[in-house]
Amino acid sequence: MTYKILLIPGDGIGTEIAAEAQKVLDRVLKLNGGQVEYSYGLLGGASIDETGVPLHEETRALAHGSDAILLGAVGGPKWDKLDHNLKPEQGLLQIRSSLELFSNLRPAMLFPQLAQASSLKNDVVSGLDILIVRELTGGIYFGHPRGIRINDAGEREGFNTYIYREHEIERIGRSAFAMARKRDKRLCSIDKANVLEATVLWREVMTSLASEYSDVELTHMYVDNAAMQLVRDPKQFDVLVTGNMFGDILSDCAAMLTGSIGMLPSASLDKNGRGMYEPVHGSAPDIAGQGIANPLAAILSVAMMSRYSLNEVAWADQIERAVSKVLDQGLRTEDIYTDGMTKVSTSEMGAAVVDMLDH
Ligand code: NAD
């Protein structure tokens, strides 16, 4: 079987880390006799510079014709002053929406070797392995009406719409229950049902789904409490499911539990398992071009791609094992460096993982 993979390096460190991720995928393919047909696409700032828009029709068409997409990151100060609809991040929202990638999986796993890099105490985070399932194509980020207007009193006001339709809640709920089933069978649904009607419906739909997944234990938690619990006792969770905005915030918080945002991969899936895979982090303009970015989140995104879109679970295990062994050897990029370790560049880290795949 030849998999069609679209590579979108993007902007800033996106190009640096995507290059290392591709080297790892190439090595895995070679070792396992796998076949891939690559195509390359522009998105975000790189697309604006070349085509005038953050998502060009050509990239959209390539994405629709692919089995999976590997994305670096988009954005940067160069494009910050553009109109809202022309900003790089709009390209990301548009491609997710166009492909109906409604289910965003964000694992927060702490490699034991990196316990020192976490800002929390060792016993709070060691062994951490949680999965945040974030709804990605609905909620307040997409709701209409939205904008900035002059109100009747002549004052400017900004407004957005927090809206969830029943089918949107149901499909992300099913996705999360299915993930929980493959793990420790505990699902915590996060909402703000004490204040927001949209999340009252969210809670009702999640509760109604529970009877179909009686082997999974469903609990509910308000988002403010969830934020607190994530830093107080994150290991109490197995799978969390939540809407777009709450998921955005909570997953970055969970990211920091693991020491560095540079370690965290993510997957965004449609209902058939086609997915876009990308690190949780952005284009990091502050370190772009210096060769010091951590490529492991992008490399672990290749592992997620193997597991969820290519159904090559053994490849995923191989990549994750190689990353763990490289950390065992004490190799660290700057973001995860602690005393006594060996500091390496982006490409040195990528090369070490490629080498380790052979062992
Ligand atoms: P960021 O994630 O790019 O960076 C936050 C901090 O983490 C920075 O100090 C950065 O140096 C560090 N960091 C991030 N990734 C790292 C890595 N792999 N290795 C080492 N250090 C790393 O977030 P930001 O600064 O808020 O945003 C920068 C740009 O990225 C903005 O234009 C933003 O819109 C965009 N962004 C894009 C995505 C995406 O493409 N999915 C996600 C978030 C932000």
Side-chain angles (χ1 to χ4, degrees), residues 7-21 24 41-49 54-55 59 69-82 84-97 99 101 104-106 114 117 119 134 136-137 141 244-245 247-268 275-302 304 323 327 331-338 343-350 353:
L7 284 169
I8 306 181
D11 309 316
I13 63 165
T15 55
E16 302 166 41
I17 54 161
E20 300 310 315
V24 169
L42 295 170
L43 190 73
S47 177
I48 294 167
D49 287 352
L55 170 63
T59 301
I69 301 154
L70 184 63
L71 171 69
V74 298
K78 180 176 174 192
W79 306 281
D80 274 352
K81 294 216 163 55
L82 292 174
H84 179 75
N85 285 336
L86 285 177
K87 287 201 167 139
E89 293 76 7
Q90 287 302 311
L92 199 55
L93 296 182
Q94 287 164 15
I95 198 167
R96 287 172 179 163
S97 180
L99 293 168
L101 305 176
N104 184 216
L105 311 182
R106 292 186 169 206
L114 296 183
S119 49
R134 165 189 172 195
L136 202 58
T137 52
Y141 290 1
N244 207 341
M245 180 169 61
D248 192 5
I249 299 165
L250 292 180
S251 58
D252 268 23
C253 174
M256 274 326 288
L257 303 175
T258 68
S260 170
I261 201 165
M263 291 299 300
L264 291 179
S266 77
S268 307
M276 185 157 84
Y277 297 83
E278 53 178 312
V280 165
H281 62 74
S283 58
D286 54 333
I287 58 165
Q290 298 177 34
I292 57 171
N294 186 346
L296 293 179
I299 288 169
L300 291 168
S301 298
V302 176
M304 286 190 90
V323 168
L327 294 174
L331 302 191
R332 302 283 188 272
T333 42
E334 193 155 311
D335 55 310
I336 52 174
Y337 177 78
T338 46
K343 204 179 276 186
V344 292
S345 67
T346 308
S347 56
E348 285 167 341
M349 183 61 102
V353 176

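Ligands are counted one by one from 1 in listed order, and the atoms in each one are counted from 1 as well. Every value quoted in this text rests on a predicted model; they were computed, and no experiment measured them.
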Visitor: Note the single closest protein heavy atom to atom 34 (O) of ligand 1, along with its residue, its atom name and the distance in Å.
Guide: Glu89 OE2, 2.4 Å
Visitor: If every non-hydrogen atom of Gly289 is compared with every non-hydrogen atom of Glu16, which pair is closest and at what distance?
Guide: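 The answer is N-OE2, 2.6 Å.
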Visitor: Among all protein heavy atoms in this structure, tell me which lies nearest to atom 35 (C) of ligand 1, with the distance rounded to 0.1 Å.
Guide: Val74 O, 3.2 Å
Visitor: What about Pro285: any of its N or O atoms under 3.5 Å from an N or O on ligand 1?
Guide: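 No.
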Visitor: Below 4.0 Å from ligand 1: does a non-hydrogen atom of Ala293 turn up there or not?
Guide: yes
Visitor: With heavy atoms of Gly75 as the reference, note each atom of ligand 1 found under 4.0 Å away.
Guide: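 Going through ligand 1 atom by atom, the ones under 4.0 Å from Gly75 are 32 (O).
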Visitor: Mind checking whether Gly282 has an N or O less than 3.5 Å away from an N or O of ligand 1?
Guide: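 Gly282 vs ligand 1: N/O contact under 3.5 Å present.
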Visitor: Return yes or no for this condition: an N or O of Asp80 is under 3.5 Å from an N or O of ligand 1.
Guide: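 No; the residue has no nitrogen or oxygen that sits under 3.5 Å from a nitrogen or oxygen of the ligand.
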Visitor: With no hydrogens and no angle check, is any side-chain donor or acceptor of Thr59 less than 3.5 Å from a backbone partner on Leu55?
Guide: no
Visitor: Going by heavy atoms, is Leu92 under 4.0 Å from ligand 1?
Guide: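 It does, in that a heavy atom of Leu92 comes within the 4.0 Å cut-off of ligand 1.
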Visitor: May I ask which of Asn294, Thr346, Asp248, Ile287 has a heavy atom nearer to atom 22 (C) of ligand 1 than the others do?
Guide: Ile287
Visitor: Salt bridge between Lys78 and Asp11, side-chain N to carboxylate O under 4.0 Å?
Guide: no
Visitor: Do any nitrogen or oxygen atoms of Gly76 come within less than 3.5 Å of a nitrogen or oxygen of ligand 1?
Guide: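 Indeed, backbone or side chain, Gly76 has an N or O that close.
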Visitor: Using a strict cut-off of 4.0 Å, indicate which atoms of ligand 1 neighbour a heavy atom of Ala284.
Guide: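 Every atom of ligand 1 under 4.0 Å from some heavy atom of Ala284: 3 (O), 10 (C), 11 (O), 14 (C).
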Visitor: When you compare ligand 1 with Arg96, is there at least one nitrogen or oxygen pair between them that comes in under 3.5 angstrom?
Guide: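 No, no N or O pair falls under 3.5 Å.
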Visitor: Going by the closest heavy atom to atom 8 (C) of ligand 1, which one wins out of Asp11, Asp286, Leu264?
Guide: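 When every heavy atom of Asp11, Asp286, Leu264 is considered, Asp286 comes closest to atom 8 (C) of ligand 1.
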Visitor: Would a distance-only check, ignoring hydrogens and angles, find a side-chain to backbone donor-acceptor pair under 3.5 Å from Ser97 to Thr137?
Guide: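 Checking the backbone N and O of Thr137 against the side chain of Ser97, no donor-acceptor pair under 3.5 Å is found.
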Visitor: Would you say Ile292 has any N or O atom under 3.5 Å from an N or O of ligand 1, going by distance alone?
Guide: no
Visitor: Taking only heavy atoms of Gly262 into account, list the atoms of ligand 1 that are under 4.0 Å away from them.
Guide: 17 (C), 18 (N)
